[in-house]
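Written below as structure tokens is the structure these notes are about.
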Amino acid sequence: MKKTEDQDLLGLQKLSLYQITVNRQKTLEEIQVILNAHLLNHVPVLQLSKEFCVGKSTIYRWISTFANGKLSKRKSPGISHVKPNPSSMSKKIQKP
């Protein structure tokens with residue numbers, strides 16, 4: 001009985017890790033690996049889509065973006081580049 005509970009828990013942990021991997025945004029390095037596999041090694045988009053849990057249309061969009069030279073300018077995930085608007089902050093400070 002204990003063995004099946006442990007197996008169930010392990011299965012749920014694997015599913016949870018899989019969902020985290022699927023739902024997160026791909027890094028620039030991951031995108032480059034996918035594009036290199038397709039463009040240089042001729043791996044089919046369908047296969048890459050399944051292996052990396054990415055939609056085929058997303059891979060085709062990355063290929064198009066790469067062809068236009070825009071992929072290298074992609075910002076990394078996060079909001080560190082966002083700065084507060086000083087004019088809106090000063091209004092909030094002035095209010096009593």
Side-chain angles (χ1 to χ4, degrees):
M1 189 74 102
K2 176 90 170 136
K3 193 172 188 177
T4 59
E5 290 175 3
D6 290 341
Q7 289 174 342
D8 290 343
L9 182 60
L10 184 61
L12 288 173
Q13 288 173 336
K14 286 181 180 179
L15 180 62
S16 176
L17 288 173
Y18 174 76
Q19 288 298 326
I20 290 170
T21 303
V22 169
N23 292 330
R24 72 172 174 79
Q25 191 175 29
K26 301 295 183 203
T27 64
L28 183 58
E29 289 79 22
E30 289 171 319
I31 294 171
Q32 288 174 335
V33 166
I34 294 168
L35 292 180
N36 285 341
H38 177 68
L39 297 173
L40 300 178
N41 300 329
H42 308 288
V43 178
V45 171
L46 181 61
Q47 181 182 344
L48 292 169
S49 173
K50 289 179 182 178
E51 285 180 21
F52 289 93
C53 302
V54 177
K56 293 184 298 183
S57 61
T58 301
I59 296 175
Y60 285 118
R61 186 178 67 242
W62 290 339
I63 292 168
S64 174
T65 304
F66 175 75
N68 293 333
K70 296 179 183 175
L71 189 63
S72 61
K73 297 176 185 177
R74 182 173 184 257
K75 293 185 179 180
S76 62
I79 58 169
S80 60
H81 63 281
V82 176
K83 296 179 182 173
N85 185 349
S87 61
S88 65
M89 289 183 68
S90 63
K91 292 176 187 175
K92 290 179 183 178
I93 295 172
Q94 291 174 356
K95 291 182 181 180

Output a table of donor-acceptor pairs, distance under 3.5 Å, between side-chain atoms of residues 33-47 and any protein atom two or more places apart or on a different chain; print 'none' if there are none.
residue	atom	partner	partner atom	Å
Asn36	ND2	Gln32	O	3.3
His38	ND1	Val43	O	2.9
Gln47	NE2	Glu51	OE2	2.8

Could you pull out all donor-acceptor pairs under 3.5 Å where a side-chain atom in residues 53-61 meets a protein atom, sequence neighbours excluded?
none

Q) Of the non-hydrogen atoms in Phe52 and Lys26, which two are nearest, and what is the gap between them? A) O-NZ, 3.1 Å

**Q.** Smallest separation among heavy atoms of Glu30 and Gln25, with atom names
**A.** OE1-O, 4.4 Å

